[in-house]
Amino acid sequence: MMLRSLLFVPADSEKKLAKVSASEADAVILDLEDSVSAARKAEARSMLAAFFRSLQPAGTCPRLIVRVNALDTGLTDDDLKIVVPLKPSAILLPKAGNGAELQDISARIAVLEAESDIEDGSIRLHALMTETAGGLLNAATFSGKTGRLEALAWGGEDLAAAIGASSNRDEAGSYTEVFRLARSLTLLTAADAGVEAIDTVFTDYKDEAGLARECAAAVRDGFSGKMAIHPAQVPIINAAFTPPPGDVERAKTIIQLFADAGRDAGVLSLDGKMIDRPHLRQAERIVRRAGLDPTSL
């Protein structure tokens, strides 16, 4: 399933929750963390549970991901006890500090899945891995820690606060060096782990041109999708991360050529140019971004 756009929605906003089912986003991140004040955490959990109960079994809806509170807050278990029985598509762990924390929360989810008679591993795991200095320094530990992991994302706002930066961008609007490092490490770690790489939010939601430029750069560099803070950003993100039809057709042709040549095929030719296994992997990535399964073509 595509993960081009992931829209944040506060779990304590009845008005915004009512619009989730009609969202054009591929996924909606129902937030129990930063967008919910400490005084409203319990109310947000109750509203989230009521929202899930209100969903029609056969109704259309984006994928639902719940961002719980970070492990060092003491609130994570209270969140999980409510969230896991609701069976969201995934749980997003913020401020992930290292791979051991992924193992930790995965084990907690597994216990609650068993108690709720939910198949083990059904609820996937996403992680924001650069919101603390430790998460950035421990990037290499995130790979291979749990089969539940589906995506890694990076965030620049919390990291700026963690390191004492007055801004994460320079006067020209470009990310400064430490934030470019965070972005790059997320992309590399996701590739090493074999999971989706999700680009951070673009906070100036009125700057559509700026968002489009940032999306284009993310697509170019290998990100699978981008988080959003406003519904108006979703169409721009979806358009950027949807490959052009011509690219999809070429990718399908490459996949078919390798399928016809057999599993031992190394170097083939297409339109007078050499193609090899890296071209096949890129073709598979393109068709997945188009919402297709490369194994069923």
Side-chain angles (χ1 to χ4, degrees), residues 1-7 21-29 59-65 89-90 124 126 149-154 183-184 186-202 208-228 231-297:
M1 186 178 292
M2 293 183 294
L3 276 174
R4 301 167 301 176
S5 52
L6 301 91
L7 174 66
S21 295
S23 174
E24 297 177 8
D26 291 335
V28 169
I29 301 173
T60 59
C61 193
R63 290 185 65 184
L64 299 178
I65 299 169
S89 173
R124 308 306 300 276
H126 293 199
L149 186 64
E150 182 180 51
L152 290 170
W154 78 281
R183 180 181 183 275
S184 297
T186 301
L187 188 60
L188 292 169
T189 304
D192 184 48
V195 301
E196 304 292 340
I198 306 299
D199 197 22
T200 192
V201 298
F202 186 77
E208 295 185 356
L211 173 61
R213 287 194 298 270
E214 196 160 285
C215 286
V219 172
R220 177 200 64 209
D221 292 343
F223 283 93
S224 304
K226 189 172 182 64
M227 297 181 293
Q233 295 180 317
V234 170
I236 298 170
I237 295 173
N238 283 348
F241 284 90
T242 300
D247 290 358
V248 176
E249 289 306 312
R250 179 178 171 80
K252 290 164 68 175
T253 299
I254 291 173
I255 293 170
Q256 189 61 55
L257 282 173
F258 275 94
D260 293 343
R263 66 174 63 187
D264 295 328
V267 178
L268 301 175
S269 176
L270 176 63
D271 298 332
K273 297 181 180 179
M274 181 196 78
I275 57 172
D276 53 14
R277 289 286 166 177
H279 292 93
L280 174 60
R281 290 195 294 271
Q282 179 67 10
E284 291 171 341
R285 180 182 179 87
I286 290 171
V287 299
R288 282 194 295 270
R289 280 178 47 209
L292 302 172
D293 181 357
T295 64
S296 64
L297 296 177

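Bear in mind the structure is a predicted one, so any value in this text is a computation, not a measurement.
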Quiz item: CG of Leu257 to CD1 of Ile275: how many Å apart, nearest 0.5 Å?
Solution: 5.0 Å
Quiz prompt | Carboxylate-amine/guanidinium proximity below 4.0 Å for Glu284 and Arg281 | solution = no
Practice problem: Give, for atom CG of Asp199 and atom SG of Cys215, the distance between the pair rounded to the nearest 0.5 Å. | Solution: 7.5 Å
Quiz item: Any side-chain heavy-atom pair from Asp26 and Asn238 closer than 4.5 angstrom?
Solution: yes
Exercise. Step by step, work out the side chain to side chain contact (heavy atoms under 4.5 Å, CB included) result for Arg250 and Asp271.
Key: CA-CA 10 Å; Arg250 179 178 171 80; Asp271 298 332; 3.3 Å; yes
Self-check item: Check against side chain to side chain contact (heavy atoms under 4.5 Å, CB included), Leu268 and Asp276
Solution: CA-CA 6 Å; Leu268 301 175; Asp276 53 14; over 6 Å; no
Quiz prompt | NZ/NE/NH1/NH2 to OD/OE distance under 4.0 Å, Glu150 and Arg63 | solution = yes
Quiz prompt | Rounded distance [0.5 Å steps], CG in Leu6 versus NE2 in His126 | solution = 7.0 Å
Quiz item: When you measure from the side chain of Arg289 to the backbone N and O of Phe241, does any donor-acceptor pair fall under 3.5 Å?
Solution: yes
Quiz item: CG of Leu64 to OG of Ser21: how many Å apart, nearest 0.5 Å?
Solution: 7.5 Å
Self-check item: 4.5 Å side-chain heavy-atom contact, Ile237 and Phe202
Solution: no
Quiz item: Does a donor on one side chain sit under 3.5 Å from an acceptor on the other, for Arg183 and Thr200?
Solution: no
Quiz item: Should Ser224 and Leu3 count as side-chain neighbours, where that means a heavy-atom distance under 4.5 Å?
Solution: no
Quiz item: Excluding sequence neighbours, so at least two apart, what forms side chain to side chain donor-acceptor pair (under 3.5 Å) with Arg124?
Solution: none
Quiz item: Would you call Ile236 and Gln233 a side-chain contact if the rule is heavy atoms closer than 4.5 Å?
Solution: no
Quiz item: Is any side-chain heavy atom of Val248 closer than 4.5 Å to a side-chain heavy atom of Leu292?
Solution: yes
Quiz item: Would you say the side chain of Lys226 lies within less than 4.5 Å of the side chain of Leu211, judging by non-hydrogen atoms?
Solution: yes
Practice problem: Measure the spacing between CD1 of Ile286 and OG1 of Thr242 and express it to the nearest 0.5 Å. | Solution: 12.5 Å
Quiz item: Under 4.5 Å between any side-chain heavy atoms of Leu152 and Ile198, yes or no?
Solution: no
